[in-house]
Amino acid sequence: MAAAAEIESFDKLVLNALSGPELEEFNRIYYGRPNHHALPIKLSTTECAKENNFEVAAYDFPAKKEEIRSSRVVRVGIIQHSIVESTDKPIVEQRQAIFEKIKRIIVAAANEGVNILCFQECWNMPFAFCTREKQPWCEFAESAHDGPSTQFLREFAVKYGMVFISPILERDENHGDTIWNTAVVIDDQGKVIGKHRKNHIPRVGDFNESTYYMEGITGHPVFDTKFGKIAVNICYGRHHPLNWLLFGINGAEIVFNPSATVAGLSEHLWAIEARNAAIANSYFTCSINRVGSEKFPNEFTSGDGKPAHKEFGHFYGSSYVTAPDGCRTPGLSRVNDGLLIAQMDLNLCRQVKDKWGFTMTQRLDLYAESLNKVVKPDYERQIINKN
């Protein structure tokens, strides 16, 4: 559970402090538009959310009507949630409890017509990588193609015609039982159409994840689904602008950023990085962070001089969506489970490219030439010294 000192939501603080023209002006400056374009939510969904203790919110990102192209409207959902059972319970019991919780939110998403649904990083387990213990946490690792999490989601993909992005701890049995931090993409027919492995691995305090897995080798894949071209920039990759860039170059229209990050470490960066990426690359970004505090059986240290501890902070949720023009939704709660729905017209991606010309005016040739020099051992920085 979240500590008593945790505020529920930055966005609600603003809403409680401002009203009328002042609130509209704040929204225009901070969110990019005076009105959030909130969408109505079915009464049955609201009741389900109340009964199962999760927040639900929905917003619209329309585009201008075009003469040549038809509108390409898609509904995207992102889920943030806490773990259910304590981390000293059996592995199967912990995972199954999360499945039971998530099942109810998936049904709510389907009830609202969601086409693509993405979960947080390693959604089916506690974020145990801070402990650097191999057992029992490596037992959560599973096959991307037929592991329990993929099998669980296939049923819903077929039933609701929904695409799922399922970030898991993957075990690659065909290559020496290697473990990866992987996002599995399941299409609306229940077929695994591909996967992406986390490109950038943090070594920051408790987030020293190279104990379990190393940098991914899948490049920057974009998955062409029934509902649009999507990509997955897993957690720490959001700190690397070139990582975002390559997904855009490969044609992504929506880039998901499933994450696990705690207050006091990155919260002042959270609202900036994915939003910047949406602007710079003219695509939608969907940022998902887990929520709550997770306590582990054994103490662990961070290598930063702090005392040994059994938990490493509050996962602050605050999941949000940004459009290619930089407008964004309010965030979900910092303390509660939640489902955020964004209805988006993907035509907006090209419309913004035409307006701002960021992709047209970028100098990939210049960057490539410079980077080719940088990676060479004899590289000398381009510094002009005063005589």
Side-chain angles (χ1 to χ4, degrees), residues 27-28 31-40 58-78 109-110 112-118 157 160-165 185-189 191 193-194 196 219-233 241 244-257 274-287 320-329 340-367:
N27 289 345
R28 182 189 68 79
Y31 296 104
R33 51 188 186 177
N35 186 296
H36 293 313
H37 292 253
L39 293 169
Y59 305 95
D60 188 26
F61 290 105
K64 292 181 179 179
K65 297 294 183 182
E66 299 183 17
E67 294 185 30
I68 304 299
R69 295 192 302 170
S70 300
S71 297
R72 300 176 59 223
V73 177
V74 59
R75 281 204 171 196
V76 170
I78 55 179
E112 292 297 323
V114 167
N115 305 120
I116 306 171
L117 191 60
C118 184
Y160 298 122
M162 192 183 297
V163 171
F164 285 95
I165 300 166
V185 181
I186 304 168
D187 73 8
D188 57 300
Q189 302 299 312
K191 177 184 177 182
I193 61 174
H196 175 55
H220 296 85
V222 171
F223 304 94
D224 192 1
T225 75
K226 177 180 178 180
F227 305 109
K229 296 181 176 66
I230 63 175
V232 193
N233 185 5
W244 292 105
L245 172 67
L246 266 295
F247 291 120
I249 288 174
N250 284 334
E253 296 169 306
I254 312 169
V255 180
F256 295 86
N257 179 226
R275 193 175 189 183
N276 281 351
I279 296 166
N281 299 288
S282 302
Y283 51 46
F284 288 90
T285 59
C286 302
S287 305
Y320 70 100
V321 173
T322 303
D325 60 1
C327 296
R328 57 155 288 181
T329 69
L340 177 61
I341 299 166
Q343 178 172 280
M344 50 185 73
D345 188 339
L346 299 182
N347 283 355
L348 187 60
C349 297
R350 183 186 290 178
Q351 291 177 10
V352 171
K353 288 177 182 177
D354 289 346
K355 177 179 180 179
W356 284 103
F358 292 151
T359 54
M360 179 178 66
T361 58
Q362 64 188 356
R363 293 293 308 279
L364 297 181
D365 55 340
L366 178 62
Y367 311 151

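Positions are given from 1 along the sequence.
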Engineer: For Phe61 and Arg33, work out which heavy atoms get closest and say how close.
Structural biologist: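 Residues Phe61 and Arg33, closest heavy atoms: CE2-NH2, 3.3 Å.
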
Engineer: Determine the minimum heavy-atom distance between Ala157 and Ile186, stating which atoms define it.
Structural biologist: CB-CG2, 4.1 Å

Engineer: Could you walk me through whether Phe223 and Ile165 pass the side-chain contact (heavy atoms from CB on, under 4.5 Å) test, one step at a time?
Structural biologist: CA-CA 11 Å; Phe223 304 94; Ile165 300 166; over 6 Å; no

Engineer: Looking at residues at least two apart in the chain, or sitting in another chain, which of them share a side-chain hydrogen bond (donor to acceptor under 3.5 Å, both in side chains) with Glu112?
Structural biologist: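 Glu112 satisfies side-chain hydrogen bond (donor to acceptor under 3.5 Å, both in side chains) with Thr45 once adjacent residues are dropped.
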
Engineer: As an exercise, state the distance from OG1 of Thr359 to CG of Asp354, rounded to the nearest 0.5 Å.
Structural biologist: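 CG of Asp354 is found 8.5 Å from OG1 of Thr359.
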
Engineer: If you define the side chain from C-beta out and look only at heavy atoms, does anything of Leu340 sit under 4.5 Å from Ile78?
Structural biologist: yes

Engineer: Return yes if some donor-acceptor pair links the side-chain N/O of Ser71 with the main-chain N/O of Val73 below 3.5 Å, else return no.
Structural biologist: no

Engineer: Answer whether the closest heavy-atom distance between the side chains of Asn257 and Thr285 falls below 4.5 Å.
Structural biologist: no

Engineer: Is any side-chain heavy atom of Phe256 closer than 4.5 Å to a side-chain heavy atom of Val76?
Structural biologist: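 They are in contact (side-chain heavy atoms under 4.5 Å apart), so the answer is yes.
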
Engineer: Look at atom CZ of Arg350 and say whether more than 12 heavy atoms of other residues, nucleotides or ligands are closer to it than 6.0 Å.
Structural biologist: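 Not buried by this count: 12 neighbours or fewer within 6.0 Å.
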
Engineer: Rounded to the nearest 0.5 Å, what's the gap from CD1 on Ile254 to OH on Tyr283? Could you check?
Structural biologist: 12.0 Å

Engineer: Minimum heavy-atom separation for Pro62 and Leu348, please, with both atom names.
Structural biologist: O-CD2, 4.1 Å

Engineer: Can you spot which of His37, Arg75, Gln343 makes a side-chain hydrogen bond (donor to acceptor under 3.5 Å, both in side chains) with Asp60?
Structural biologist: Gln343

Engineer: So Asp345 and Arg72, do their side chains get closer than 4.5 Å, heavy atoms only?
Structural biologist: yes

Engineer: Which heavy atom of Met162 sits nearest to which heavy atom of Val114, and what is that distance?
Structural biologist: CE-O, 3.5 Å

Engineer: To the nearest 0.5 angstrom, please state how far the CZ atom of Phe284 sits from the CG atom of Asp325.
Structural biologist: 7.5 Å

Engineer: Does any part of the side chain of Gln351, heavy atoms only, come nearer than 4.5 Å to the side chain of Glu66, both counted from C-beta?
Structural biologist: yes

Engineer: So, for Asp188 and Lys226, which heavy atoms are closest and what is the spacing to 0.1 Å?
Structural biologist: OD2-CD, 3.6 Å

Engineer: Got a sec, which residues hit ring-ring contact (aromatic ring centres under 6.0 Å, His included) with Phe358, two or more places apart in sequence or on another chain?
Structural biologist: Trp356

Engineer: What I'd like to find out is whether the side chain of Asn27 reaches to under 4.5 Å of the side chain of His36, using heavy atoms alone.
Structural biologist: yes

Engineer: To the nearest 0.5 angstrom, please state how far the CG atom of Leu346 sits from the CD1 atom of Ile230.
Structural biologist: 11.0 Å

Engineer: List the atom of Ala274, the atom of Ser287, and the distance in Å for their closest heavy-atom pair.
Structural biologist: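 Looks like CB-OG, 3.0 Å.
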
Engineer: Hey, could you give me the OH/CZ distance between Tyr31 and Arg275, rounded to the nearest 0.5 Å?
Structural biologist: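 Rounded to the nearest 0.5 Å, the OH-CZ separation comes out at 9.0 Å.
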
Engineer: Calculate, to the nearest 0.5 Å, the distance between atoms SG and CG belonging to Cys286 and Asn233 respectively.
Structural biologist: 12.0 Å

Engineer: Among Ile116, Ile193, Leu117, Val74, find the residue that satisfies the side chain to side chain contact (heavy atoms under 4.5 Å, CB included) test when tested with Val163.
Structural biologist: Ile116

Engineer: With Phe247, which residues qualify under ring-ring contact (aromatic ring centres under 6.0 Å, His included), at least two apart?
Structural biologist: His196, His220

